[in-house]
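Values in this document were obtained by computation on a predicted structure and should not be read as measured data. Counting starts at 1 for both ligands and their atoms, in listed order.
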Amino acid sequence: MCGIVGYTGTRPVQNILVEGLSRLEYRGYDSAGVAIEQDGALQVIHRKGKVGSLAHTLGHFDFSGTCGIGHTRWATHGRPSEANAHPHVSCDGRIAVVHNGIIENFAELREELEAAGHAFSSETDTEVIPHLIEEACREGADLFQAVREAAERLIGAYAIAAVSAEEPGVLVAARKDSPLVVGLADDGSYVASDIIAVLDATREVVVLSDGDVAKLSPDAREFYNARGERFQPEVAHVDWDVDVAEKGGYPDFMLKEIHEQPRVIRDTLAGRLVNGALAIDELDLSVEELNLIDRVYVIACGTSYHAGLIAKNLVEGWARIPCECEVASEFRYRNPIITPTTLVVAVSQSGETADTLAAIRDARVKGARVFGITNVVGSPVARESDGVIYTKANKEIAVASTKSFLGQVVSLTLLALLLAQVKGKLKMNQVRLLFRELADTADQVERILLECGPAVDAAAQACKDAASALFVGRGMGAAIACEGALKLKEISYLHAEAYPAGEMKHGPIALIDEGFPVIAVATKSPVYDKVVSNLQEAKARGAMVVAVATEGDEEIGRHADHVVFIPKVRDAFSAVTASVPLQLFARAIALERGCDVDQPRNLAKSVTVE
Ligand code: AGP
């Protein structure tokens with residue numbers, strides 16, 4: 001949601017902050033700022049816009065200070081502006097704080113602080129924090145103690161990094177419900193919202209837990225838990241490569257990540273077939289417990305929700321267990337039927353999404369077993385679930401999910417197969433056959449990436465100037481269409497809706513006139529003929545039809561203006577293959593329209609607010 005970076009050590013901090021913030025920009029990019037200790041004072045610089053604008057301004061300075069904090073923001077309280085950019089400072093400008101999260105009781109705290117004479121200069125919730133720290137320091141606390149006291153007053157989610165001109169070289173970091181890691185290097189200590197920001201400097205990191213506070217200085221590190229007890233932290237060694245934060249020769253992260261999908265499929269499936277049977281040991285449920293499951297809810301948001309729609313088809317189709325897929329922000333506020341034999345599957349790329357986390361907590365209180373599917377090791381979703389499958393997508397930088405989505409679909413497919421295996425609804429040889437076919441999709445996606453570019457580009461050229469587009473499909477295709485439409489609207493700002501093709505005649509068909517784009521998932525499936533009929537209805541009204549269809553389909557060309565052919569796969573696996581041309585289609589249109597495909601407006605990679 002926002003990105004935090006901090007450093008204290010022996011190296012000049014200015015470039016460390018700028019480089020770290022550039023790596024964290026996927027978390028928010030409407031304004032950025034730094035506070036650097038320099039000659040007994042704090043130099044605080046803010047800029048509206050992306051980190052590049054801040055870097056440009058900082059280029060006019062050459063601060064030699066070796067302790068500082070930085071922030072890249074995704075606005076929650078207060079519009080994107082220089083005044084609302086972090087770091088925020090105390091009245092005397094000698095304490096600076098960066099924050100990620102939401103302080104729910106900021107209005108009361110601000111009123112109290114203003115009554116005590118504190119002057120505020122932004123509309124943010126964050127600004128109460130430096131003033132609370134200042135208040136505690138006035139009572140004699142040092143920065144560490146003051147951050148702890150301030151944190152105790154906060155209701156909501158926070159990851160905080162704070163520095164004070166009164167204590168040169170000291171950086172205090174604290175977290176609750178927002179991620180924060182401390183990187184341990186020979187030259188000093190780093191703090192960041194995401195490991196990716198510190199990977200250039202170190203591979204040894206401490207992932208702070210809720211309530212932890214770290215006191216860092218060039219030559220010391222102290223860690224305290226929520227009860228104020230000092231502890232020896234577990235140091236994790238990060239073995240993935242810093243390359244994930246580089247474009248590796250691709251023009252943008254989105255294209256790079258789309259091309260990583262065959263690898264994601266292979267990695268997600270690796271080691272899952274043991275002695276001829278599916279194994280997901282992390283689920284932490286015995287065969288007997290799994291056998292008792294009589295209802296499944298998949299809860300998620302956005303793209304992850306669309307992966308859940310695919311799962312609903314598979315869980316019900318193979319395991320014959322009733323399965324509902326629900327948007328987490330709705331699930332958490334109604335009263336779903338949950339019993340101890342209900343399995344709730346929470347899907348979240350980032351593992352931080354506030355609505356999904358709240359839904360997990362609610363489901364557990366009501367007695368469900370909760371199983372997380374996430375891309376981020378040690379994330380809140382992973383920690384708060386009873387079991388977890390990691391999607392093995394590796395870091396996804398582009399804000400629009402592509403490879404994570406495929407990782408989720410493959411993981412959920414595995415889960416559906418496992419439930420069918422345990423319930424005895426599929427025989428072992430059927431499970432093995434399906435597993436092998438699923439594994440084959442990695443090669444098929446590779447072929448799609450090699451071959452479908454020209455057809456996708458031609459379709460994109462034809463649609464790029466449209467004001468709106470309709471994505472349609474039936475069965476699995478309807479779920480794939482939802483993701484295709486989301487991808488297009490989030491990165492190209494072209495309005496798009498997804499409808500089950502059979503629903504078109506109940507309203508959306510009124511939209512169609514000459515040249516209106518209808519994008520159809522028309523792969524070979526049990527409902528192929530029905531989709532074709534729906535396309536004929538659209539065509540009869542002048543629609544420009546783009547179809548994603550199965551190689552060898554000689555009929556589809558009669559009903560579509562543009563066809564993107566993809567290899568034949570079993571309908572159950574069509575989401576893995578058919579989603580790929582739709583990702584490329586959205587990207588091609590976005591580029592034609594001059595959009596930034598990696599950092600679309602108004603969005604952020606992890607949505608840690610309700
Ligand atoms: C994906 O392209 C979107 N940016 C967004 O819908 C995302 O999938 C959603 O916010 C859920 O995020 P999560 O998977 O990290 O929970």
Side-chain angles (χ1 to χ4, degrees), residues 1 25-29 74 76 100 157 177-179 193-194 252-254 257-258 261 264 298-311 325-332 344-360 370 372-385 388-391 393-409 411-412 479-480 482-493 496 498 579-580 582-587 590 595-610:
M1 193 93 293
E25 210 170 18
Y26 72 88
R27 301 180 67 85
Y29 35 83
W74 185 83
T76 57
N100 170 29
D177 290 338
S178 288
S193 302
D194 186 327
D252 47 74
F253 283 110
M254 185 180 184
E257 290 162 358
I258 288 173
Q261 295 180 115
V264 175
V298 184
I299 50 170
C301 307
T303 287
S304 303
Y305 167 73
H306 297 150
L309 293 177
I310 311 283
C325 176
E326 205 164 327
V327 167
S329 54
E330 290 297 317
F331 182 88
R332 63 184 289 196
V344 169
V345 183
V347 187
S348 172
Q349 181 282 130
S350 61
E352 293 182 52
T353 301
D355 286 316
T356 309
L357 272 174
I360 289 176
V370 177
I373 293 190
T374 181
N375 196 30
V376 181
V377 176
S379 59
V381 164
R383 286 206 307 258
E384 298 202 24
S385 300
V388 64
I389 296 185
Y390 288 113
T391 45
N394 277 353
K395 189 81 210 163
E396 192 176 60
I397 304 274
V399 166
S401 274
T402 53
K403 61 174 181 171
S404 296
F405 172 71
L406 241 63
Q408 291 168 343
V409 170
S411 302
L412 286 161
I480 299 165
C482 290
E483 177 55 10
L486 177 64
K487 219 71 316 169
L488 182 62
K489 64 189 144 193
E490 71 179 335
I491 63 169
S492 75
Y493 320 141
S579 302
V580 177
L582 296 181
Q583 297 166 346
L584 292 167
F585 176 71
R587 176 181 172 275
C595 302
D596 180 341
V597 294
D598 285 342
Q599 295 180 340
R601 70 185 179 206
N602 301 340
L603 297 178
K605 190 71 186 160
S606 42
V607 184
T608 53
V609 294
E610 194 185 330

Participant: Give, for atom CG of Leu357 and atom OG of Ser350, the distance between the pair rounded to the nearest 0.5 Å.
Facilitator: 8.0 Å

Participant: If every non-hydrogen atom of Phe405 is compared with every non-hydrogen atom of Ser579, which pair is closest and at what distance?
Facilitator: CE2-OG, 3.3 Å

Participant: Out of the candidates His306, Glu396, Gln583, Glu483, only one should pair with Ser401 under the side-chain hydrogen bond (donor to acceptor under 3.5 Å, both in side chains) rule; please name it.
Facilitator: Glu396

Participant: Below 4.0 Å from any atom of ligand 1, which residues have a heavy atom? Give them in chain and number order, please.
Facilitator: Cys301, Gly302, Thr303, Ser304, Ser348, Gln349, Ser350, Thr353, Val399, Ala400, Ser401, Leu486, Lys487, Glu490, Val607

Participant: Does either side chain, that of Thr391 or that of Lys403, offer a donor lying less than 3.5 Å from an acceptor on the other one?
Facilitator: no

Participant: Holding to ring pair (Phe, Tyr, Trp, His ring centres under 6.0 Å), I want the full list of residues that pass it with Phe331, two or more places apart in sequence or in another chain.
Facilitator: Tyr297

Participant: Any side-chain to backbone donor/acceptor pair from Thr356 onto Ser348? Under 3.5 Å, distance only.
Facilitator: no

